[in-house]
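Read through the structure below, which is laid out as structure tokens, and then see the notes.
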Amino acid sequence: MTEPINQIGTWIDIIGILSSVMLVAALLIWVERRMIGIWQDRLGPNRLGPLGLMQVAADMIKIFFKEDWIPPFADKAVFVLAPMIIMVTILTAFAVVPFAPGIGIIDFNFGLLYFLALSSLSVYSVVLGGYASNNKYALLGAVRAAAQTISYEVFMALSLMGVVMLSGTFNLRDIVEAQRNGWFCLSQFLGLFLFIVAVVAESHRTPFDLPEAEHEIIAGFHIEYSGMKFGMFFIGEYLSVTLSSAMIVTLFFGGWLGPEFLPPLFWFCFKTSIWILFFVLLRASLPRPRYDQLMSFGWKFMLPLALINLLVTGGLVLWMES
Amino acid sequence: MATLHIDGQAYQVSLGDNLLKTALALGLDLPYFCWHPALGSVGSCRQCAVLQYHNAEDSKGRLVMACMTPVSDGLRIGLQAAEAQQFRSDILELLMTNHPHDCPVCEEGGECHLQDMTVLTGHTSRRFRSLKRSHQNQYLGPFINHEMNRCIACYRCVRFYNDYAGGDDLHVLGIHNNVYFGRHEPGVLENEFSGNLVEVCPTGVFTDKTLSQHYTRKWDLQAAPSICMHCSLGCNTSPGERYGQLRRIVNRYHGEVNGYFLCDRGRFGYDFVNSSQRITTALIKQQAQSDPEIITKHWRKLCVDQKIIGIASSRASLEANYALQQLVGQDNFYQGLGLQELSLIKQVLALLKKPPATIATLKQVESADAVIILGEDITNTAPRLALAVRQALRNESFTLAKTLQLARWLDAAVREAAQNQHSPLIIASCHSTRLDGVASEVVSGNPETIARFAFALAHRLHGKSPSVSDLTPEQQLQVERVAKVLSKAQRPLVISGTGSHSSEVLAAAANLIKALPASHKMMSLVVPDANSIGVGLFDGSSFIEAKQRMDKGDIHTVVVLENDLYRHGEHAEISDWLDSVKHLVVIDHSLNPTAERAELLLPSASFAETEGTLLSSEGRAQRFFAVMPLSDQVKHNWRWLALAAADNWQQFDQLSLACYQAIAELEPALAMTPNAAYRVHGMKIPRQPHRYSGRTAVTADIHVSEEQQPQDLNSALDFSMEGSLGHRPPALNPGVWAPSWNSNQAVNKFQDESGDHLRGGDPGVRLFDKVYKGRWHPPAKPLPHREPSELVIQPLHHIFGSEELSNGASAIKQRSPDLYVALNPAQAQDLGMRDNDPVALHSRYAQYHLPLKILPGLCTGILGLPVGLPGMPVIEGGTTVKLHRLNNGEAGND
Amino acid sequence: MNSFKLCIDLILSQFQTLGTVLQHTFTKADTVEYPEQQVALFPRYRGRIVLTRDPDGLERCVACNLCAVACPVDCIALQKSEDQEGRWYPDFFRINFSRCIMCGFCEEACPTYAIQLTPDFEMCEYDRQSMVYEKEDLLIDGTGKYHDYNFYRIAGKSIAGKGKGEAENEAPPIDVKTLLP
């Protein structure tokens with residue numbers, strides 16, 4: 001704890017974590033379609049391989065072999081760069097995720113801030129992609145993404161301050177340890193709610209997928225993308241979902257903590273999976289709001305709520321300490 | 001101006017019309033049946049009921065018939081009032097009680113006024129449970145189909161046929177609910193305007209039989225604005241096409257020319273476009289050739305030396321004739337007319353270029369208060385003009401109606417008041433005509449007599465006009481009587497033309513026009529073909545005169561543009577002429593005797609596939625447009641001519657512009673029609689209606705992938721259903737349709753007001769509007785002495801049979817007369833001949849064997865020779881011939 | 001305050017939605033696993049289009065063109081012709097099934113029950129050209145769903161064997177020469 005940065009993983013850990021995270025993201029293609037199918041009384045992809053699992057492989061093959069087309073009117077350098085940003089930022093953010101005691105890449109004093117920083121950086125991917133496409137729909141999507149990120153970023157950080165106050169640290173591993181006596185989802189249920197809404201908005205998932213609203217702006221920022229560049233946006237979104245779920249578990253659901261009969265890593269993965277499924281459920285059920293509703297919801301409802309939460313938590317902490 | 005309140009809204013309208021017409025002019029939808037803008041109001045169908053309120057406080061009102069209610073200042077009307085709507089719906093329900101449930105097999109379906117009105121009044125379900133009345137149908141000839149069960153007894157047909165068009169063989173028979181509209185026995189409807197019944201009838205009682213043979217609904221007809229090719233009046237038509245065939249022609253409203261009506265030749269003469277006589281491939285020395293390169297090479301080879309002459313066509317457009325002139329050069333450009341024909345056209349053209357009176361439009365003809373027709377059988381040479389003259393004769397009754405304070409649109413009342421009073425009509429003719437029955441004075445005589453009568457009349461009206469002597473006392477009395485009538489007339493109209501083949505008649509007519517004292521005098525001169533006037537603007541002598549040059553060997557190639565030379569001279573003469581041609585190139589769309597002799601025969605487009613400008617007999621330049629795209633090897637006539645040399649004029653606009661600029665008289669026409677670059681909201685104007693069906697199935701049997709629609713670079717119209725549905729300039733409007741008005745009555749929505757000019761101006765440009773003083777023409781020579789056995793040829797015109805193109809239509813063929821020569825009964829008796837006797841006719845070139853027809857009403861000394869019937873000898877009018885009866889055993893021509 | 005309450009209500013309703021959807025985890029999927037499992041099609045299923053015959057075994061289609069004009073993809077083309085008996089019939093009748101969207105508007109528009117959609121949708125072809133059906137391919141021998149209807153028995157148009165006044169609900173033809181009321 002004295003060192004601000006502690007490398008805890010070896011190269012093997014790093015590669016293992018990165019590849020399993022990628023695998024999970026890829027599997028999510030199948031999981032999401034299957035789950036939505038189930039919830040909508042359909043079957044979902046069930047033809048390829050056992051349970052349709054090979055759909056993932058088929059999709060990968062398809063997306064790799066599609067023509068990787070760069071529109072002649074696009075800003076080429078930025079156009080190519082944009083989808084990489086989301087991959088890089090999200091994957092780097094996984095560095096601080098505390099999977100289990102001793103499992104992880106780094107132990108970082110300001111881990112929480114690091115996560116916040118990188119997850120907000122990912123919006124550049126969308127903004128630049130939209131701008132570089134030189135397409136009005138893409139630009140509209142990009143502008144929406146930027147405005148949405150700014151609006152929801154604010155209370156996302158504020159919603160977490162309750163957790164920080166209660167645990168007294170920004171170190172994610174310490175935050176998990178601080179939950180031994182009670183998960184923060186109980187004491188910080190308002191913070192939890194705020195955070196969930198914020199991460200959904202950050203990852204541009206339904207119901208906050210306005211930057212790519214098909215019915216208004218066709219596909220928004222990625223309208224001109226095809227092949228693997230589109231694939232990176234696509235996988236980036238699932239990575240983002242995985243990261244968000246992991247963070248929710250870490251910050252509010254006691255991370256790896258759980259009954260001793262199973263290893264901590266299992267508990268972490270189990271809880272994360274449930275939250276991933278929650279994200280899918282959101283997509284299966286909720287409609288998309290209008291854009292002005294989204295903005296006023298963020299600024300007029302969520303922000304005050306976050307401030308109230310901060311005030312109450314702060315007051316309680318002070319009162320209990322005194 | 002007056003204020004009219006309809007449904008609480010105030011409108012500024014003009015006084016004098018009836019409420020129905022005014023409401024329609026305001027764009028309101030008010031159902032009606034018996035009213036027709038051209039026929040006036042009789043108030044018999046009770047369909048246009050509206051509520052009339054006494055004052056602003058009156059909320060109850062009373063039902064009145066809009067068509068019988070004059071517009072007055074402060075009139076308050078409830079058009080959408082519930083009671084009025086209910087009444088209209090009930091009336092329609094009553095009309096429908098006997099309607100026969102056969103819309104799917106009715107030719108009117110889809111453009112039926114009754115269907116429209118049923119929907120408009122909101123009558124949707126049938127409550128009548130009793131038996132339907134039924135009627136037997138009649139055979140009405142090759143044009144019109146009769147299905148009497150569909151009748152709603154609006155009386156429009158008989159009002160048009162008898163009252164408007166002067167027919168006498170369509171009647172209303174039977175009584176009360178059983179009235180029957182038909183002939184006293186099945187048979188051909190005689191009147192020349194019977195085809196209009198198709199459009200006048202609000203339902204499917206009278207339908208187009210020729211359309212039914214290749215039936216297509218209105219929504220499936222690709223149409224374009226076109227001009228009738230079958231006489232010189234330039235009536236506006238809207239031909240419809242489907243599956244590459246011309247399916248029908250309907251009237252295209254023109255406020256100044258044809259109004260609502262066409263003649264039967266114009267309406268049913270279209271079928272030549274689909275005929276098997278159409279030339280579809282180029283023929284080189286009678287061998288079909290499909291390789292375009294070989295054709296072009298051969299064509300260019302024949303044109304390469306300068307020893308080439310071109311023969312113009314009076315049925316091809318101005319532009320095509322100009323292209324021909326450009327190809328062969330001015331000195332080698334010949335008119336495709338005989339010597340006499342050409343001199344007559346020149347005489348008419350001289351009168352048109354410096355007209356001594358206003359050249360009357362047909363609308364103006366209807367306003368004349370005295371009409372004199374000199375030697376022209378207008379019913380047969382320019383039928384629509386005869387219909388207009390019939391309307392002019394009603395002006396007397398309108399004057400009378402005015403003194404009785406009757407509105408002129410109160411049709412029944414005005415006719416009742418006038419009884420048989422007509423404005424004066426003087427007919428001078430050598431045979432009886434269809435208009436004789438309504439004429440106040442008939443002057444019978446050969447063209448020389450007619451000319452002398454007119455000269456004397458002119459002298460009587462104006463002292464300076466040269467006089468003629470040796471008139472008989474009766475003739476002098478007649479001159480006196482007619483002179484009295486004409487000098488009183490405010491708007492007299494003189495009609496003459498080339499029909500009698502007499503330049504004396506034309507000269508006399510010119511003097512008469514000049515001599516008339518009225519300030520609003522009018523004239524109308526009839527010429528044979530759709531573009532006779534237009535082609536006359538080009539300098540060129542008759543092709544007959546090119547013979548000398550050919551005999552000298554000056555000429556190698558003769559290019560004949562859409563012209564059958566055999567129609568312009570005796571067979572032997574023309575054959576002789578053609579024999580001296582080394583290389584004959586014919587550009588035409590249908591086979592004819594000249595085309596059959598061509599070394600190179602190039603297939604050109606008929607009027608339905610090409611575009612061009614025609615100059616009508618009133619000097620109105622009008623553009624017609626292609627209705628359908630060109631088929632494989634057929635080209636526009638002007639494209640063939642362009643291909644022969646420099647291949648300039650890729651697009652029609654370029655040629656048209658060059659042509660208008662080259663001919664001084666055509667200058668006003670430059671601004672006539674929007675050119676090919678014209679767009680409405682950036683879109684072309686579709687030729688197909690917006691509900692054109694089968695777009696993805698029509699050619700699916702050939703290839704399932706649809707081909708691109710044919711592009712039209714020559715006009716602002718498109719061979720497509722896509723394009724602007726909004727405003728179209730009248731000259732580019734292929735047909736009329738308005739929401740809830742699927743029938744031709746939709747035309748109300750395109751006019752300033754019903755029966756008036758088209759909104760945006762009537763199409764076409766009049767070239768000869770300025771009136772000149774004119775000069776006196778020298779009088780006729782004294783009558784020559786003739787032996788009783790000598791007969792003078794007099795052309796007899798037939799509405800069906802005398803015109804070249806319409807002869808290719810099968811329905812017209814059924815109505816054309818058989819070959820004959822005609823004699824007056826008394827003279828026939830003198831010569832010992834009887835009806836149907838075979839006779840031999842000796843002309844300068846040959847002897848022809850023909851059956852004789854005794855024609856009462858023909859004057860003596862004249863041998864009537866029908867014009868233009870296929871197989872009929874062509875002899876100039878005024879030629880002296882001998883006739884003798886054939887004995888048994890003498891047979892065969894020549 | 002009202003808008004705050006509205007916001008809360010809306011959020012709660014979202015949770016309710018989530019709950020409802022989650023319950024569907026335990027419902028059975030409606031999916032029919034065609035082609036292993038065959039589909040039960042009802043008589044009024046909108047599948048392949050046929051042209052039917054009237055109870056007398058004659059073509060019902062009178063070539064009125066209403067199906068063609070009702071067709072939103074314009075995939076029907078036909079041409080009217082008339083036989084010796086005075087009946088209208090289509091000279092050719094073509095449906096381009098590669099364009100057809102099986103909307104059934106043609107059936108709805110047909111005034112003679114001639115054109116009918118059938119419970120058969122298995123009409124895939126490797127060659128698109130084979131999707132173009134002509135009258136011979138469309139015409140069936142039966143009456144389809146409507147067994148008794150015969151257009152000409154009701155319509156006022158006379159055909160051979162049925163003169164004026166002989167249709168259903170028709171009085172005998174009027175003698176126009178009579179003056180009796």
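Residue numbering restarts at 1 for every chain, and letters A, B, ... go by the order of the sequence lines.
Considering only heavy-atom pairs separated by less than 4.5 Å from chain B, the leading option among C/E170, C/K177, C/E166 is C/E170. Of the residues considered (C/V176, C/V132, C/I174, C/D175), C/I174 shows the highest number of contacts with chain B, using heavy-atom pairs under 4.5 Å. Heavy-atom pairs under 4.5 Å with chain C were tallied for B/Q136, B/R691, B/R129; the largest tally goes to B/R691. With respect to chain C, the highest number of heavy-atom pairs below 4.5 Å among B/G694, B/S134, B/P100 belongs to B/S134. Taking C/N169, C/L66, C/T112 one by one and counting their heavy-atom pairs under 4.5 Å with chain B, the maximum is reached by C/N169. Chain C forms more heavy-atom pairs under 4.5 Å with one residue of B/E107, B/R133, B/M148 than with any other, namely B/E107. Options B/R217, B/R150, B/H214, B/R242 differ in how many heavy-atom pairs under 4.5 Å they form with chain C, and the most are formed by B/R217. Across C/N96, C/V62, C/L78, the residue that shares the most heavy-atom pairs under 4.5 angstrom with chain B is C/N96.
Applying the ring pair (Phe, Tyr, Trp, His ring centres under 6.0 Å) definition to pairs two or more places apart or across chains, none involves residues 50-79 of chain C.
Using a 4.5 Å cut-off between heavy atoms, C/A70 contacts chain B through its backbone alone, with no side-chain atom that close. Only the side chain of B/H176 comes within less than 4.5 Å of a heavy atom in chain C; its backbone stays farther off. Residue B/D220 touches chain C through its side chain alone, counting heavy-atom pairs closer than 4.5 Å. Heavy atoms closer than 4.5 Å to chain C are found in the side chain of B/Y243, but not in its backbone. With a threshold of 4.5 angstrom between heavy atoms, C/R99 approaches chain B through side-chain atoms but not through N, CA, C or O. The parts of C/C75 that come within reach of chain B are both its backbone and its side chain, each placing non-hydrogen atoms under 4.5 angstrom from that chain. For C/V69, the parts lying near chain B are the backbone and the side chain together; criterion is any non-hydrogen pair under 4.5 Å. Contact of B/E706 with chain C is made through the side chain alone, with heavy-atom distances under 4.5 Å. Neither the backbone nor the side chain of C/E168 comes within less than 4.5 Å of any heavy atom in chain B. Interface remark: C/Q129 contributes backbone and side-chain atoms alike to the contact with chain B (heavy atom separation under 4.5 Å). Only the backbone of C/I76 comes within less than 4.5 Å of a heavy atom in chain B; its side chain stays farther off.
Aromatic ring orientation, B/H113 versus B/F33: perpendicular (interplanar angle above 60°, classes split at 30° and 60°). C/W88 and B/Y215 have tilted rings, their planes meeting at an angle from 30° to 60° on a 0 to 90° scale. Aromatic ring orientation, C/Y146 versus C/Y113: parallel (interplanar angle below 30°, classes split at 30° and 60°).
Between B/F181 and B/F206, a ring centre-to-centre spacing not shorter than 6.0 Å is recorded. Between B/Y139 and B/H146, the distance separating the two ring centers is not shorter than 6.0 angstrom.
A distance of 4.0 Å separates CG of B/L189 from OH of B/Y161, quoted to the nearest 0.5 Å. A distance of 10.0 Å separates CG in C/D137 from CD1 in C/I95, rounded to the nearest 0.5 Å.
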C/F92/B/D701 under side-chain contact (heavy atoms from CB on, under 4.5 Å): CA gap, chis, key distance, verdict:
CA-CA 11 Å; C/F92 70 84; B/D701 57 330; over 6 Å; no

Practice item. Please lay out, stage by stage, how C/E134 and C/R94 fare under the test salt bridge (Lys or Arg N to Asp or Glu O under 4.0 Å). Key: CA-CA 5 Å; C/E134 297 290 340; C/R94 184 178 307 131; 2.8 Å; yes

| said: Go through it in stages, so that I can follow the logic: the residues are B/T203 and B/C106, the test is side-chain contact (heavy atoms from CB on, under 4.5 Å), and I'd like the CA-CA distance, side-chain angles, deciding distance and then a yes or no. | reply: CA-CA 9 Å; B/T203 171; B/C106 173; 5.7 Å; no

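With hydrogens and angles left out, the side-chain atoms of C/K80 and B/S212 include a donor and acceptor closer than 3.5 Å.
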